[in-house]
Amino acid sequence: MFKKIKEKIENLYVVRNYKQMYKYVKPIWVRSLLAVLVTFPVGTMDAIIAWTLKPYMDVVMIEKNLASNWYIPILIIAFSFVQSALNYSTAYLNSWVGLKISNSIKMDLFKKLVRYEAAFFDKNTSGTIQFRFNNDVDSACSGLLNNLKLFTTRIFSSLSLIVVLFINSWKLAIVAIIVLLVALYPLTTIRKKIDDIMSKTVSTSAGVITFFIEAFSGNRIISSYNLYDYLTGKFNDALGTVFSLGMKMVQRTGILSPMMHFIISIGIAVIIWMGSYLIFNGDLTPGGFVSFITALLLLYQPIKSIGNDYNAMQLAMMAMERVFELLKVEPKIKNDPNAIKLDVIKKGIKYKNICFEYQKKHPVLSKINLDIKVGETVAFVGNSGGGKTTMVNLLPRFYEAKSGKILIDGIDITKLELDSLRDKIAIVFQDNFLFDGTIRDNIILGNANATQDQIDLAVRSACLDEFVASLDKGLDTKIGERGVLLSGGQKQRVAIARAFLKNAPIVILDEATSALDNKSEAVVQRAINNLMKDRTVLVIAHRLTTIRNADKIVVVDHGHIVEIGNHSELMKKKGAYYNLYNSGLSKPE
């Protein structure tokens, strides 16, 4: 029986959340405990003030004796001063503890975020990620700790005030507690009322954040296509949904505080009537009644507004539940328990019966078989959506194959340490992401311990040296968020320099020149040719200049490899490659 009771207690979301939070509280447990303990004297001060009114009222107001209790007003002032100082202390300690816990949780979430597989980012918007990984943590930590401070203070205050009530009149105290329990009963139903609304609110609020992010990132598209009215219309719809959900929340929970206020007012009226009767019969002194009423008002006053506070605490609890759900989720692509470190690639890469799909029952790749020897340059060509990029993305395990294997030197890549596998691969994308900072900051991502000579060599090899030399601050020039201050060709060359510095034996070029003009392409292509030397290269190609010199050209169509060979071999076949070539794959040099 005790085991079942324990299980039920552990299943309570309040207990579960605080139990999970203990991991973050443990390193700072001294200050955390102090923050809670300080609330004890803060809470009891109210009861002391209420209790001192009884002798003061009986002696001074009834017996007309000023001399014996002259010190009571001074004590009340002193207690109030101490209470104010303690209130400041508990506010400071709670803020310190809250920020520390919030930062620790955010750090753990960020560590998970950067390790999530590509599919996770395909399914979630930037707004959802920001809301759940950042906003939820702030809401949960500040909400839980502020409400913990509020509720512990009120618990200590309430218990001490109830003692004062019983000291003055046990009959009135029983009535007061019954009224209190009746007033608090509606709080037990609040969780069920807000569960479904809150989940919808989270989704919609994340969508609102996404609008702001897209307005920032897509400002040029918005301007060039005059999308102002279109986007403001969609944003207005999203705000309308948030408004509707907010009003539904008020409809379901807003009645709590007024209802509790009304119940408590009835209780106070009953107690005043009963108190008058007890004073008339001599069962209660006027001073005791004043002390009782003061304690009662101090007890009831927070209860009148506790509906709103409890509502806020429930929202904080739900935010914390969402945070801990994220913390439990493990990346689907991770190291095998017995993973092997990849040191040197001696033989090559082999795709063996690879099948893949982004969505169930919608195959993207079917029975892919391909051998790539060390030092070979392999170009992947085909119509858009045929599966070229997917084939290449499976090698660094951005995605996991549904079936089949990719082998490096005969070892399944799922059995290799993920970090060591990706250390051996350098990638230049069509649209390379550059971080806010300097050119140097972005280049040394390929090798944080690179010497200046190695950096200079990478810059020269990427044909970036002339551009860098023209800048006042050279490599230490700020490039803005996402490299906004650089041209497309300059971004590509920074990315190529980064790949040079990484010095990985496998290079993936994902249509690295497709978005460039002819002049920029020529410079970037020269840099790419330097990067390809003495490496195993996988090229997603669209230009003849890259395809023609490849050791192998793989023609991919609707998830199947339809042809393999070099340029001259495939041209002689007059098959799929021949048709692609003549339909615009080639471009005059």
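Checked by atom type and distance alone, the side chain of E563 pairs as donor or acceptor with a backbone atom of Y577 at under 3.5 Å. Remark: side-chain polar atoms of K502 are paired, donor with acceptor, to backbone N or O of I425 under 3.5 angstrom. Here the side chain of N566 pairs a donor or acceptor atom with the backbone of E569 at under 3.5 angstrom. D409 places a side-chain N or O within 3.5 Å of a backbone atom of G348 that can act as its donor or acceptor partner. At distances below 3.5 Å, at least one donor-acceptor pair connects side-chain atoms of N124 with backbone N or O atoms of F120. A donor-acceptor pair is defined here as one N or O able to donate and one able to accept, closer than 3.5 Å; no such pair exists between the side chain of R322 and the backbone of R132. T438 contributes no side-chain N or O that, together with a main-chain N or O of D476, makes up a donor-acceptor pair within less than 3.5 Å.
Note on D336 versus K415: salt bridge recorded, some NZ/NE/NH1/NH2 to OD/OE distance being below 4.0 Å. No salt bridge links E357 with K360; every basic N to acidic carboxylate O contact stays at or beyond 4.0 Å. Salt-bridge check for K106 with D138: passed, with a basic side-chain N closer than 4.0 Å to an acidic carboxylate O. Under a 4.0 Å N-O distance rule, the pair K332/E400 does not qualify as a salt bridge. Between D371 and K347 there is no salt bridge, since no side-chain N of the basic residue sits under 4.0 Å from a carboxylate O of the acidic one.
Proximity of L475 to Q452: side-chain heavy atoms (C-beta onward) are separated by under 4.5 Å at one or more points. Looking only at side-chain heavy atoms (C-beta outward), V378 and T536 stay at 4.5 Å or farther from each other.
Atom NZ of K112 has more than 12 heavy atoms from other residues, nucleotides or ligands within 6.0 Å. Atom CZ of F121 has more than 12 heavy atoms from other residues, nucleotides or ligands within 6.0 Å. Counting heavy-atom neighbours within 6.0 Å of D122 CG, excluding the residue itself, gives a total above 12. Around the CD atom of E466, the shell of radius 6.0 Å holds no more than 12 heavy atoms that belong to other residues, nucleotides or ligands.
Taking OG1 of T414 as the reference point, atom CD1 of I333 lies at 10.5 Å (rounded to 0.5 Å). Here the straight-line distance linking atom CG of D441 with atom OG1 of T477 works out to 11.0 Å at 0.5 Å rounding.
Applying the ring pair (Phe, Tyr, Trp, His ring centres under 6.0 Å) test to F212 and every residue at least two apart in sequence or in another chain returns F235.
The two atoms that bring L365 and G387 nearest to each other are CD2-O, 3.6 Å, heavy atoms only.
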Test log, rule side-chain contact (heavy atoms from CB on, under 4.5 Å), inputs R422 and R397: CA-CA 8 Å; R422 290 174 179 171; R397 292 185 69 192; 4.2 Å; yes
Assess whether salt bridge (Lys or Arg N to Asp or Glu O under 4.0 Å) is satisfied between R493 and D465, documenting all intermediate values. CA-CA 10 Å; R493 282 179 280 159; D465 48 336; over 6 Å; no
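Applying the ring pair (Phe, Tyr, Trp, His ring centres under 6.0 Å) definition to pairs two or more places apart or across chains, those involving residues 393-413 are F356-Y399, Y358-Y399.
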